[in-house]
**Q** 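Here's a structure for you.
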Amino acid sequence: MTESNERIGWTRDQMASRLAQDIPNGSYVNLGIGIPELVARYVPKGRTLVYHTENGLLGMGPSPADGEGDPELINAGKRRVTALPGAAYFHHADSFAMIRGGHLDLSVLGALQIAQNGDLANWSTGEPGAIPAVGGAMDLVAGVKNVFVITQHTTKSGAPKLVESCAFPLTGRSVVNRVYTDLAVIDVTSDGFRSVDLGPGVDLATVQSRTGAPVLPALETASAG
Amino acid sequence: MTESNERIGWTRDQMASRLAQDIPNGSYVNLGIGIPELVARYVPKGRTLVYHTENGLLGMGPSPADGEGDPELINAGKRRVTALPGAAYFHHADSFAMIRGGHLDLSVLGALQIAQNGDLANWSTGEPGAIPAVGGAMDLVAGVKNVFVITQHTTKSGAPKLVESCAFPLTGRSVVNRVYTDLAVIDVTSDGFRSVDLGPGVDLATVQSRTGAPVLPALETASAG
Amino acid sequence: MINKRVSTAAQAVADVSDGSSIMIGGFGEAGSPIELIHALIDQGAKDLTVISNNTGSGEVGLAALLKERRVSKVVCSFPKSANSTVFPELYREGFTELELVPQGTLAERIRAGGAGVHAFYTPTAVGTPLADGKESRVFEGREYLLEYGLKADYAFIKGAAADEHGNIVYNKTARNFAPPMAMAAKVTIVQAERVLAPGELDPESVVTPGIFVERVVEVVEPAHESELIAAGASYP
Amino acid sequence: MINKRVSTAAQAVADVSDGSSIMIGGFGEAGSPIELIHALIDQGAKDLTVISNNTGSGEVGLAALLKERRVSKVVCSFPKSANSTVFPELYREGFTELELVPQGTLAERIRAGGAGVHAFYTPTAVGTPLADGKESRVFEGREYLLEYGLKADYAFIKGAAADEHGNIVYNKTARNFAPPMAMAAKVTIVQAERVLAPGELDPESVVTPGIFVERVVEVVEPAHESELIAAGASYP
């Protein structure tokens, strides 16, 4: 059995759970399609988050049972959802006023690449002939107070997704605050990537070897008192 | 009895009535404070206008009886009004989107001066020490499709209000389409003022003598057929 | 008496001419005015510019209009769908041009067009390929793009209920682009499940005031894209 | 659990510091949050910038705050009232500065501030003294002024009902500036006649979504300016 076959780090659900620990009670949160959606399952007991979906709903609840729900009550991924008590519907100009105006506390997104200065590429591989489609990603990263990326640390072929500078077309410049991968939680700082937390069985050297830019070690946490 | 003591022209109510004849059925109309408000009384039978008040109501109805009504259902003049069936309330940004975006058919305003190129001065005499206050007048003249002014032809001291160029601070540049005075109805054209209609007992020479710029005679109306 | 009701979707769209620009409400299937779009397919206008968040699914509604080769340009934020190859094929062929606009910028440009705001500065898309060729400017140390208001000849939107004055309320997330689009079009056409007499809608709850609406047509049980597709439908 | 309710108007305004900017809703007396303003008078903050359409009537509410010499600047479209000499005197004396803004430009600047739109081009006020010193630009043959988004530290607004999430509905023309102001302030404080549990407001009819609101205080029978004035009241 070689090292590369050993299971280290977090599963997708564990990544989502790790991220969920970092969201303060009462936050207004927009979860992107895919892994980001898993985050809602792992919010610690006692915390209430309010979910925004950019197609026009605050107070979004979970998806209804199959075949239930209203085809006109959907999320940004076009799946049926529900509305919780305290919800409100609004139109797209108002919805993106919330986003652009900095009213949301957190946007959680997937990524193709994240650069050490916080640049994000998550909408296009730039391949010729591909149909370009951007949706609300550029608005979210430009407007929301905190942008967390949740993604596998490398591509399926093992190429780093955390890089010196993005090769793919940007979604936004210097917009990512923190990255949650299967291997680590990494802050984007003015000094570049800095480890915040490592997954089970993961050491900094492993993270560094799979990252395309320097990863600084975690700062020692000041102890209380 | 001298000529100047003879009553010629229209009363304020007749001016309002004359203006009301020119508003097509179904128009969305904003009536300013003062003489413009009288217009609503004289809309010909069979025509329905929808009144907009810029503080946030379409479908405004007449004032309620004294002591009736809601202190929070008021018009732009801060008087209590009513809402008719088919009314809608909205906020100020939406209300002025209607105005600025050209959705209203007609704005009827009072004036201090109107220049022959359509410049309007109606918000300030520019006196030193006066408290400047503009309200929505500049938005209305900049945005509404047609701007009608209703005003006495001259000031109380007999000075012309229709002039070559306004001495008072402007509300808007080249914005007035038509002026209804006690003496005449006058279009603002690319050639300057042009008479459209004369009040009872009024001839063009009288109008001209009380106007600070040339007034062209009415165009002959093309006869049908 | 104000009455903006027209009897049929066909009548409502009868005057659309070749080369018109049309804003079409909807985010995915929510709020898609399918019956108006199908009436437009029947009506025949071509060389259209469509402003809409998506490009439709399957071969009904907006995708069907595209498939009929009636749209020469789309202004859109997300012209992909898991279950439609209609737009991708027209795009690759070069038949239908694409102006890709971030979703929030699209909504704001439409609102600006309706609100008499000629242009505005937004932080969205700075530093991305969608900023190429756009004017930018730094205010207080941050860069913004200058984006222009968008208007159109028509808007096709879907309401839950409307009254004869054109006041509209919507169903849940079907609201999406409809209110700003109603503001930005010369002629706004609404299909509503119920058309009511004036006074039947609460004036506090009206979302789109009637001033923004020119025509209202009752479509009692509107089709849902997903159900049509599940049933294997295509139009015409 | 989200609960933005605070018990008293005094608590709601307790942290306002000297030099703060405050947007105050209301057009005339409709929508004027009198109880919040009176709580602010009691609280003592001074050197305030107030953004509001008017400057109040009589010697209650906003006029009373001005009379207490607590406002160094007003941003306003119509600072006159038939029955108040408070602002005119402070203005002539040079104590309170005035930034006069056309009403629609004021509303749009506030919305822009809340919507992350840094600046926009509007046709309003071109060629007038209120264009003096402003950047202008011609697009397609028409001139526009560049106007900037407005933000504030606080917004004080009045709702008919709110829920604990901060969702608000309004009473008739009391709505006026409140929704855009709620968007543009760091801390939006609402006085509402009823504060409800989440779910008691219809999500289709919410006018201001709770995300724009930080604090909600119940003021069951709010005073009306005209009634206070008719009764000869002044504050404090």
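Note on naming: letters A, B, ... go to the chains in the order of the sequence lines (proteins, then strands), and numbering restarts at 1 for each one.
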**Q** When heavy-atom pairs shorter than 4.5 Å are enumerated against chain A, which of C:R109, C:E227, C:R142 gives the highest number?
**A** C:R142
**Q** Please classify the contact between C:L98 and chain A as side chain, backbone, both or neither, with a heavy-atom cut-off of under 4.5 Å.
**A** side chain
**Q** Name the residue from C:H224, C:K172, C:E225 that meets the side chain to side chain contact (heavy atoms under 4.5 Å, CB included) definition with A:P71.
**A** C:H224
**Q** Report the C-alpha separation of A:M138 and C:T105 in whole Å, then their side-chain angles, then the decisive distance to 0.1 Å, and conclude whether the side chain to side chain contact (heavy atoms under 4.5 Å, CB included) test is met.
**A** CA-CA 9 Å; A:M138 290 184 182; C:T105 298; over 6 Å; no
**Q** Could you tell me which portion of C:V207 (side chain, backbone, both or neither) has an atom closer than 4.5 angstrom to a non-hydrogen atom of chain A?
**A** neither
**Q** Would you say that more than 12 heavy atoms from the other residues, nucleotides or ligands in this model lie under 6.0 Å from the CZ of A:R79, or not?
**A** no
**Q** Do you know which of A:G172, A:A93, A:G56, A:A87 has the most heavy-atom pairs with chain C at a distance under 4.5 angstrom?
**A** A:A93
**Q** Look up atom OG1 in C:T173 and atom CG in A:D70, then write down how far apart they are to the nearest 0.5 Å.
**A** 7.5 Å
**Q** Run the side chain to side chain contact (heavy atoms under 4.5 Å, CB included) test on A:I74 and C:F27 for me, step by step, so that the C-alpha distance in whole Å, both residues' side-chain angles and the decisive distance to 0.1 Å come before the verdict.
**A** CA-CA 9 Å; A:I74 59 175; C:F27 176 89; 4.1 Å; yes
**Q** Nearest heavy-atom pair of A:T171 and C:T128: which atoms, and what distance?
**A** O-CG2, 3.3 Å
**Q** Using a cut-off of under 4.5 Å on heavy-atom pairs, state which of A:S95, A:A142, A:G136, A:A133 scores highest against chain C.
**A** A:A133
**Q** Find the distance between OG (C:S226) and CZ (A:R80) and round it off to the nearest 0.5 Å.
**A** 5.5 Å
**Q** Between C:P79, C:S32, C:A125, which residue shows the highest count of heavy-atom pairs closer than 4.5 Å to chain A?
**A** C:P79
**Q** Counting heavy-atom pairs under 4.5 Å to chain A, which of C:A174, C:A107, C:P102 comes out on top?
**A** C:P102
**Q** Is C:F87 in contact with chain A via its backbone, its side chain, both, or neither, using a 4.5 Å heavy-atom distance?
**A** side chain
**Q** Which bit of C:Y91 is near chain A, if near means a heavy-atom gap under 4.5 Å: side chain, backbone, both or neither?
**A** side chain
**Q** Give a yes or no on this: more than 12 heavy atoms of other residues, nucleotides or ligands lie within 6.0 Å of atom CD of C:E140.
**A** no
**Q** Measuring from atom NE2 of A:H91 to atom CG of C:N176, what distance do you get when rounded to the nearest 0.5 angstrom?
**A** 11.0 Å
**Q** Check the pair A:H92, C:R111 against side chain to side chain contact (heavy atoms under 4.5 Å, CB included), reporting the backbone distance first and the verdict last.
**A** CA-CA 9 Å; A:H92 250 72; C:R111 182 197 174 270; over 6 Å; no
**Q** Around atom NZ of C:K151, are there more than 12 heavy atoms from other residues, nucleotides or ligands closer than 6.0 Å?
**A** no
**Q** CG of A:D66: more than 12 outside heavy atoms within 6.0 angstrom?
**A** no
**Q** Give, as side chain, backbone, both or neither, the part of C:E143 having an atom under 4.5 angstrom from any heavy atom of chain A.
**A** side chain
**Q** Tell me whether C:Q103 contacts the main-chain N or O of A:A137 through its side chain, where contact means a donor paired with an acceptor under 3.5 Å.
**A** no
**Q** Taking the side chain as C-beta and beyond, is there a heavy-atom pair between A:F96 and C:T122 under 4.5 Å?
**A** no
**Q** Minimum heavy-atom separation for C:G127 and A:L170, please, with both atom names.
**A** O-CD1, 3.6 Å
